[in-house]
Amino acid sequence: MKILVTGCCGYIGSHTCVELLNHDYEVVGLDNFSNSKKEVLDKISQITNKKITFYEGDMLDEHFLESIFKDNEISCVIDFAAYKAVGESVEKPVEYYINNVSSVLTLLKVMKQYDCKRLVFSSSATVYGNPVEIPISEAAKVGRTTNPYGTSKLFVEQILKDLYHSDPSWNIVILRYFNPVGAHPSGLIGEEPNGVPANLMPYISKVAKKELTCLSVFGNDYNTKDGTGVRDYIHVVDLAIGHIKALEKLLKDECGISIYNLGTGVGYSVLDIIHTFELVNGVKIKYKMVNRRKGDIAVCYSDPKKAKEELGFVCKRSLEDMVRDAWNYEKNKKL
Ligand code: NAD
Ligand code: UD1
């Protein structure tokens, strides 16, 4: 059974390839290395003792995609290939909409041509905007996204709904990730942000490594237990396993179009993360309180019930595992 993974060398794609290979799926991967490195392919092989069939190229290139489908009988596509930097998306909206929306349209066109109608799509909790109710269930209203990155996810979700309504023989799972963090426990693959990290966990890791001097905590006047922002952090290996669960359901052609949150259902504050990182890893994180970051919300965590009931998906890894594996990757990395 061949599964095509787009963006297979990226942060979540690489961890998902590992889990797919561990579950004996044949993996065909594509990446253009716009935000990843070739060496990741060797690391995936080192962890699993197996190889993926890899194609280097751009998902916007229809002929490139056709050649992959011509060479391989693909049963399902898991689509990770996208740009993901929120700040950059505000500076470069056209590039983001082309890479995150047009590429999916190209993919869908080629999938249809080869009668491959099963897709897992990487969406984000960002589509909920500023949530009215916490925890956030899949039934919550989406919209009011605050940046082109978030809006690109919203657009693709709508495209997939329209596609399904035009042809119910498609089986589509949309996964809305909360805050993926951590790394594979081997320390061989992990998150590789470009430049200075915008997200909390990679920033803390760089402060621990003394590559950055001090973490700015964005706001301590939120209506939360300690005043700092609260999020639903999910270990990237749990997240990858969530894709296996979605795939299992998809391959039974039981999905129609289904949407699932992938989160733990537990919210931790910025100070919880700092203190747990310090305690588990025996390092000191220098931080200072600064103003709120524009566009941030106070609290965001998932209601994970639907994924548990319909996919049998439950997160097994704790916050301690997340901070330990994040630091293990950062301190040992040679890539
Ligand atoms: P990533 O940047 O690490 O991985 C994306 C991979 O896709 C990279 O290897 C990149 O080189 C490749 N790529 C990008 N555009 C491409 C194109 N046109 N053709 C071929 N390859 C291309 O990102 P990630 O963190 O692994 O995220 C994967 C997916 O999950 C993305 O769609 C992202 O928007 C979504 N997501 C991520 C997070 C997160 O916090 N990491 C949260 C919610 C949703
Ligand atoms: C961000 C993105 C979101 C994306 C998600 C993926 C923004 C506005 N939103 O969400 O679209 O889906 O990443 O993981 O960028 N914090 C600090 N100091 C820092 C960095 C972060 O205090 O240097 C705080 C934030 O204010 C927030 C928490 O840490 O309370 C988590 O921030 P971050 O890791 O950037 O994730 P999100 O903002 O939840």
Side-chain angles (χ1 to χ4, degrees), residues 5-16 29-38 40 55-61 64-65 78-90 95-96 98-100 102-104 106-107 121-129 145-147 149-150 152-153 156 175-181 189-194 196-204 206-207 212 214-220 222 224 228-234 236 239-240 243 262 267-271 273-274 287-301:
V5 179
T6 77
C8 66
C9 292
Y11 176 44
I12 304 169
S14 58
H15 288 82
T16 303
L30 76 84
D31 207 298
N32 65 358
F33 301 119
S34 56
N35 196 35
S36 56
K37 296 195 174 110
K38 263 198 185 89
V40 169
Y55 292 81
E56 180 174 351
D58 200 304
M59 204 168 94
L60 284 158
D61 179 346
F64 167 65
L65 283 180
I78 307 182
D79 179 25
F80 294 108
Y83 294 154
K84 63 168 179 179
V86 171
E88 188 183 58
S89 78
V90 178
E95 286 84 343
Y96 268 68
I98 290 174
N99 203 52
N100 292 8
S102 300
S103 67
V104 178
T106 309
L107 174 69
F121 175 69
S122 298
S123 189
S124 166
T126 195
V127 300
Y128 294 116
T145 45
T146 53
N147 54 75
Y149 166 71
S152 75
K153 294 293 173 190
V156 173
L175 298 177
R176 293 178 180 156
Y177 313 153
F178 280 67
N179 290 56
V181 295
I189 52 173
E191 190 168 8
E192 276 305 321
N194 254 335
V196 177
N199 297 117
L200 182 64
M201 191 70 85
Y203 203 105
I204 291 182
K206 299 257 181 236
V207 173
L212 295 169
C214 180
L215 170 76
S216 295
V217 177
F218 298 139
N220 62 350
Y222 286 110
T224 60
T228 67
V230 167
R231 297 290 184 274
D232 185 340
Y233 298 92
I234 173 170
V236 66
L239 189 73
H243 291 73
L262 291 185
Y268 288 108
S269 73
V270 176
L271 291 180
I273 303 296
I274 296 172
Y287 66 90
K288 62 174 185 223
M289 298 297 176
V290 302
N291 289 337
R292 294 178 178 193
R293 178 171 67 180
K294 199 168 160 265
D296 262 1
I297 53 179
V299 180
C300 175
Y301 60 89

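We count ligands from 1, going down the list as the structure has it; atoms in each ligand are counted the same way. None of these values were measured; they are calculated from a predicted model.
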Would [X] count as a polar contact of ligand 1, with the cut-off being nitrogen or oxygen pairs under 3.5 Å?
| X | value |
| --- | --- |
| S36 | yes |
| F178 | no |
| I12 | yes |

In terms of residue, atom name and distance, what is the protein heavy atom nearest to [atom]?
| atom | value |
| --- | --- |
| atom 17 (C) of ligand 2 | F218 CD1, 3.4 Å |
| atom 3 (O) of ligand 1 | Y11 N, 2.9 Å |
| atom 3 (C) of ligand 2 | V86 CG2, 4.1 Å |
| atom 40 (O) of ligand 1 | P180 CD, 3.3 Å |
| atom 28 (C) of ligand 1 | F80 O, 3.5 Å |
| atom 34 (O) of ligand 2 | L200 N, 2.9 Å |
| atom 17 (C) of ligand 1 | N32 ND2, 3.3 Å |
| atom 24 (C) of ligand 2 | V270 CG2, 3.6 Å |
| atom 10 (C) of ligand 1 | D31 OD1, 3.4 Å |
| atom 33 (C) of ligand 1 | Y149 OH, 3.6 Å |
| atom 12 (O) of ligand 2 | S124 OG, 3.0 Å |
| atom 39 (O) of ligand 2 | R231 NE, 2.5 Å |

With atoms numbered from 1 as shown, which atoms in ligand 1 lie under 4.0 angstrom from a non-hydrogen atom of [X]?
| X | result |
| --- | --- |
| D58 | 17 (C), 18 (N), 19 (N) |
| F33 | 11 (O) |
| L30 | 20 (C) |
| G57 | 19 (N), 20 (C) |
| M59 | 17 (C), 18 (N), 19 (N), 20 (C) |
| S123 | 43 (C), 44 (C) |

Is ligand 1 under 4.0 Å from a heavy atom in the side chain of [X], in the backbone, in both, or in neither?
| X | result |
| --- | --- |
| K84 | side chain |
| E192 | neither |
| N99 | side chain |
| S103 | neither |
| D79 | neither |

Is there any N or O on [X] that sits under 3.5 Å from an N or O of ligand 2?
| X | result |
| --- | --- |
| N199 | yes |
| D296 | yes |
| V230 | no |
| G295 | no |

For [X], is the nearest heavy atom under 4.0 Å from an atom of ligand 1?
| X | result |
| --- | --- |
| S34 | yes |
| S14 | no |
| K153 | yes |
| A125 | no |

Relative to each other, are the rings of F80 and H243 parallel, tilted or perpendicular (30° and 60° limits)? tilted

Go through ligand 2 atom by atom and flag the ones less than 4.0 Å from a non-hydrogen atom of [X].
| X | value |
| --- | --- |
| T126 | 11 (O) |
| L215 | 18 (N), 19 (C), 23 (O) |
| V217 | 22 (O) |

Looking at S122 and D79, what are the two nearest heavy atoms and their distance? OG-O, 3.2 Å

Heavy-atom distances under 4.0 Å are what count here, so tell me which part of [X] touches ligand 2: side chain, backbone, both or neither.
| X | value |
| --- | --- |
| S216 | backbone |
| R293 | side chain |
| A198 | backbone |
| Y233 | side chain |

Could you tell me whether ligand 2 has any atom less than 4.0 Å away from a heavy atom of Y268? no

Donor-acceptor pair between Y149 and E88 side chains, under 3.5 angstrom: no

Closest by any non-hydrogen atom to atom 1 (P) of ligand 1: pick that one out of N35, T6, I234. N35

Best match, C9, G7, S102, G13: closest heavy atom to atom 6 (C) of ligand 1: G7

Contact between Y11 and I189 at the side-chain level, heavy atoms closer than 4.5 Å - yes or no? no

